[in-house]
Amino acid sequence: MSYNFREIEAKWQRYWAHKNTFKAINGSEKEKYYVLDMFPYPSGAGLHVGHPLGYIASDIYARYKRHKGFNVLHPMGYDSFGLPAEQYAIQTGQHPSITTEANIARYREQLDKLGFSYDWQREVRTSDPNYYKWTQWVFIQLFNSWYNKSKDKAEKIEQLIEIFKKEGNTNINASCDEDTPLFTAAEWNELNSKKQEELLLKYRLTYLADTEVNWCPALGTVLANDEIVNGVSERGGHPVERKKMTQWSMRITAYAQRLLDDLQKVDWPQSLKDAQANWIGRSVGASVTFNTIPSDNNNISHPIEVFTTRPDTIFGVSFMTLAPEHELVLKITTKEQREEVDNYVQITSKRSERDRLADVKTITGVFTGAFVEHPFTKESIPIWIGDYVLAGYGTGAVMSVPSGDQRDYDFAKHFNIHIPNIFEGIDISEEAFADKELTIIANSEFLNGLNYKQATKKVISELENIGQGRGKVNYRLRDAVFSRQRYWGEPFPVYYVDGMPKMIDEDCLPLKLPEVEKYLPTDTGEPPLGNATEWAWDMQKSKVVNNSLIDHVKIFPLELNTMPGWAGSSQYFNRYMDPENDKAIFSQDAINYWKEVDLYIGGVEHATGHLLYSRFWQKFMFDKELVPHEEYAKKLINQGMILGTSAFVYREEGTNKLISKGLINDINVSPLHADVSLVNSSDELDIEAFKEWRPEFKDAEFVLENGKYIVGREVEKMSKSKYNVVNPDEICEEYGADSLRMYEMFLGPLEQAKPWNTAGISGVYAFLKKLWRLYHSGPDGDFQITEKPPSKEALKSLHKTIKKVEEDIVNFSFNTSVATFMICVNELSAQKCTSRDILEPLAILISPYAPHISEELWEKLRHIESVSTEPFPKFEADHLIENSKAYPISFNGKMRFTIELPLDMGKEEIESAVMSHEKTKAQLQGRIPKKVIVVPGKIVNIVG
RNA sequence: GCUCGAGUGGUGGAAUUGGUAGACACGUUGGACUUAAAAUCCAAUGGCCAUUAUGGCCGUGCGGGUUCAAGUCCCGCCUCGAGUACCA
């Protein structure tokens, strides 16, 4: 009987599904362990061999933990709201839910073939109303909360209202909008409820605000930065302008410091932590207020606040620069400069942010005609506008110190502005001097002679004395825009009364996505939900009704935007703990049992998206005392991408001639992707099949070398459009899931990007066949083992394998453990080992990697069912130490001494030389070394 | 520009964290079995030299250094990749 993987794999996959083998039990007596994969977006293209890499790794770990006696939670679901399904709907009119459903079915089929040990009863889908009910619920909780900076936690909005009633907002230390005015209790109580709502919105953790976006009037939609090319829309080439729009935002900045600090608490890759820290971008400095000098045509003094990391250079300020969008620009510009300024603001507003960034070398700006007064010298300082200052960072205004900042320096040179030198012994005639460490301040009154640290401290206290500044920490992180003008996303549980947002009652959730005729924006430029006729809120009946009934008395309009992609993925890991609960997002029993994710595996591309937003939501949930841990993922691993090896044919320019790679030389050719399935492992193209595939080359001339057409190769991201996709189904069909699983692991380190090469799989496939034969030594390949005690060699092979494989699993070095298995099976085959004492543990040992074959062998070994519940075999150290030469773990030495010996000594001579060596003798303190290892030459290692 | 990561055979990659570099696998070559293919098994496979065997020299991107001993540690470069970018 040979290794029939097709039969075996189908049999055990059915068995697992039927018996619910991998069901995780809430509140089990066993210790819990939670292994999580980042759930996929079910795209129409299906899975390619790159997708399951992380799933295989997590599955190995989950299975290993089960063998170790843990109650393992290993769930899977779908992040099923998203753009592709919506775009498909726009093109075809097919409802996104239908497309999504079909894609999920396909994904599930592919996943099932790989033998994953998921508890499918816990599946979640973000687009399922029973799931997004809770996404909406969290949104309501955020809306009803504010951030108390003094306590460093989110609190109920009612508490804030109480404080407003009693003492106004003057003493409150909260995260809120920059423009929040101060008011007293009396003033608050005077306000009508709409005004009060407006003020509260400035404190809520999710809030409506005017946000600057890229607006394309022709398409009636907001575009992301990468949807804009050269200032016009990528699709259609329509002009794009920067526009303020009212959007929902998440006050993630309230959590900036905690998000930064708590990175220390988690075992995540350093590079990912760096990326998040970078993104949060904490910088320490000071906020300084400059007051404008009233002039003939502008008789009011306006304060301009700036943020600087170099307050010590304040005496080097020779001009101010405002972002063109700064709100004071219009107020302070003088008559004489008005036209020039207006022109400049107009031109820059038409440039997209991306254009501005791409074009950093051109220095542009205009003088406003206005001046500010220097807080210490009282000198007049001109105010300029320049687009190198970004409206979105700090206050959108900078104090320009040309001697200490290269951008300010370049601007000053370009516009011939004075460059005062404030550094002791530094030449600034060529460039600015920005080295904090070497700074000694000069020409700066009370700061003269101080270094950076001293001067910074001193100037901040002086600024505080005169009330024109204070120390400040600034973050690059911005509040996250949470509105999307899309159909296929979570509806906001929001309706509007008198223009102010109200949350619908929690009991009425989920607020289901309405049906629409068209998935495009409406004629009036409203989001797609504006097309829905059943989309108004009857406040009394608490239900959705027809739009035509809106009377603004009982029936109100509902929010037309939907939530962004990251909404649904920000809490899904907790929902898996109790996925069917319809009374709460999860029960306290469930969360207190599973607590947090022990191991999370997924791609690094989510570093500053999902992985930051979900940490923010978790912290909020922690503040609400809904979850026991402030960080939800203890350990995280980023699996590397599996890359495709694309194939290229080369067409000579202007002809229909395809030239084999070796003959190109100086010919001007353009490379074209060829489908990798049309190329054999020697890079030879199947010309007939290629003609079939690309009819436009039916009559092309093929210029061959040695009678063959040789393609070019390049490693690229695996993608349908590059025709380099390898489908896991085909691999499973030809080699089996166990081969695929082992091969994906064997390919290289988990975290590393690596190219796929189907040819190499024959190695692991041959290994599995060899493994099978080990248990089938009977005459016709029948199952046959012996009950004889095993040989020393066989025991040694087994035990070193146990040790190495367990070490590898714990360290996630799955690639080397596959090699270890191969060595083990080669050795046992050579030894003709048939002993049950060896073969039983081996079957368990390999089961996390190759679960199907392992189950099949186990059934034959024990005549009982599943190997999955068997304990992982134990490593017995004695067998290794007996012969450490073959497996020199003793190198890992308790003691290692080094002495010099002549080259030509025999073994005994060396030993006696070692034992009489003074230094060694002293260190051995009379103990006899177990082993002396001689390295050719003169070096000796002694293992004690 | 800044941050992080990586450079080892024809290829993917090992190397017990300072201890005989190239495990394991692909590929290649030769052989066995076979009418043949597939499958399987055996042998060789970093380079150069020597060959009658035992052998010798060089070798982990480059140049230095520390050490009895360096792919591994230190200093200075080069190249590639990823992320980020006028962040005041």
Side-chain angles (χ1 to χ4, degrees), chain A residues 2 269-279 281-283 285-286 288 306-311 313 321 323 353 356-363 386-390 392-401 404-408 410-411 434 474-478 604-605 607-608 638 640-641 645 681-682 715 742-743 746-749 751-767 769-770 773 803-804 807 813 815-824 826 829-830 887-893 896-901 933-941:
Chain A
S2 61
Q270 192 55 45
S271 58
L272 197 146
K273 291 189 192 181
D274 289 344
Q276 288 207 350
N278 215 354
W279 190 259
R282 181 180 199 263
S283 50
V288 185
V306 301
F307 174 74
T308 176
T309 54
R310 295 298 303 274
T313 63
T321 316
E353 193 160 347
R356 274 167 72 171
L357 298 186
D359 183 22
V360 296
K361 291 206 179 80
T362 319
I363 295 164
D387 69 357
Y388 81 95
V389 176
L390 302 178
Y393 182 75
T395 60
V398 299
M399 59 176 230
S400 301
V401 184
D405 182 287
Q406 194 58 43
R407 292 157 302 173
D408 296 343
D410 294 340
F411 195 88
N474 205 44
Y475 298 92
R476 202 190 74 119
L477 183 71
R478 302 183 205 178
V604 72
E605 65 272 18
T608 52
N638 292 126
M641 210 191 312
T645 311
S681 56
S682 320
V715 172
M742 291 202 97
Y743 185 53
F746 185 62
L747 228 40
E751 292 95 331
Q752 192 179 300
K754 50 220 170 252
W756 177 265
N757 170 18
T758 303
I761 200 171
S762 61
V764 286
Y765 181 51
F767 155 76
K769 284 192 281 191
K770 210 164 178 177
R773 280 201 302 276
K803 180 175 188 291
K804 184 71 165 73
E807 270 171 18
S813 310
N815 54 330
T816 50
S817 46
V818 177
T820 308
F821 281 122
M822 289 178 176
I823 296 167
C824 178
N826 281 339
S829 296
Y887 188 72
I889 55 157
S890 42
F891 248 75
N892 204 4
R896 182 178 295 145
F897 311 113
T898 303
I899 54 179
E900 282 189 50
L901 296 168
I933 296 165
V934 182
V935 176
K938 51 191 173 175
I939 311 306
V940 182
N941 291 302

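From a predicted model like this one, the values you see are computed outputs, not experimental measurements. We name chains A, B, ... by the order of the sequence lines, and we start the count at 1 in each one.
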Take the protein atom CG of A:Asp274 and the nucleotide atom P of B:G83, then report the distance between them rounded to whole Å.
15 Å

Categorize A:Thr820 for me: base, sugar-phosphate, or nothing, with a 4.0 angstrom heavy-atom threshold over every strand shown.
nothing

Can you check the distance between B:U52 and B:U67, where both ends of the measurement are the P atom (answer in whole Å)?
44 Å

Report yes if a side-chain nitrogen or oxygen of A:Gln752 is closer than 4.0 Å to either non-bridging phosphate oxygen (OP1 or OP2) of B:G13; otherwise report no.
yes

Would you say A:Lys273 reaches B:C4's phosphate, i.e. side-chain N/O to OP1/OP2 under 4.0 Å?
no

Taking atom C1' of B:G83 as reference, at what distance in whole Å does atom CE of A:Met641 sit?
12 Å

Gap between atoms CD and P, on A:Gln276 and B:U84 respectively (whole Å):
13 Å

Between B:G46 and B:G63, how far apart are the P atoms? Round to whole Å, please.
24 Å

Touch check for A:Asn278, heavy atoms < 4.0 angstrom, all strands: base, sugar-phosphate only, or nothing?
nothing

Does A:Asn826 have a side-chain nitrogen or oxygen under 4.0 Å from the phosphate oxygens OP1 or OP2 of B:A25?
yes

When you compare B:A44 with B:G83, how far apart are their C1' atoms, in angstrom units rounded to a whole number?
45 Å

Please give, in whole Å, the distance from B:U11 C1' to A:Tyr743 OH?
10 Å

Please confirm whether the shortest side-chain N or O distance from A:Lys769 to OP1 or OP2 of B:A39 is below 4.0 Å.
no

B:C80 versus B:C86 - spacing of their P atoms, nearest Å:
24 Å

Between B:G18 and B:C24, how many Å separate the two C1' atoms, rounded to a whole number?
24 Å

Suppose you measure atom C1' in B:A43 against the same atom in B:U35; what distance do you get, rounded to whole Å?
26 Å

In whole Å, what is the span from the CZ atom of A:Arg476 to the P atom of B:U3?
15 Å

Students often get this wrong, so: under 4.0 angstrom with heavy atoms, is A:Asn474 touching a base, only sugar-phosphate, or nothing?
nothing

A:Asp387 CG to B:C87 P, straight-line distance once rounded to whole Å
13 Å

Within the structure, does a side-chain N or O atom of A:Asn815 lie under 4.0 Å from either OP1 or OP2 of B:G12?
no

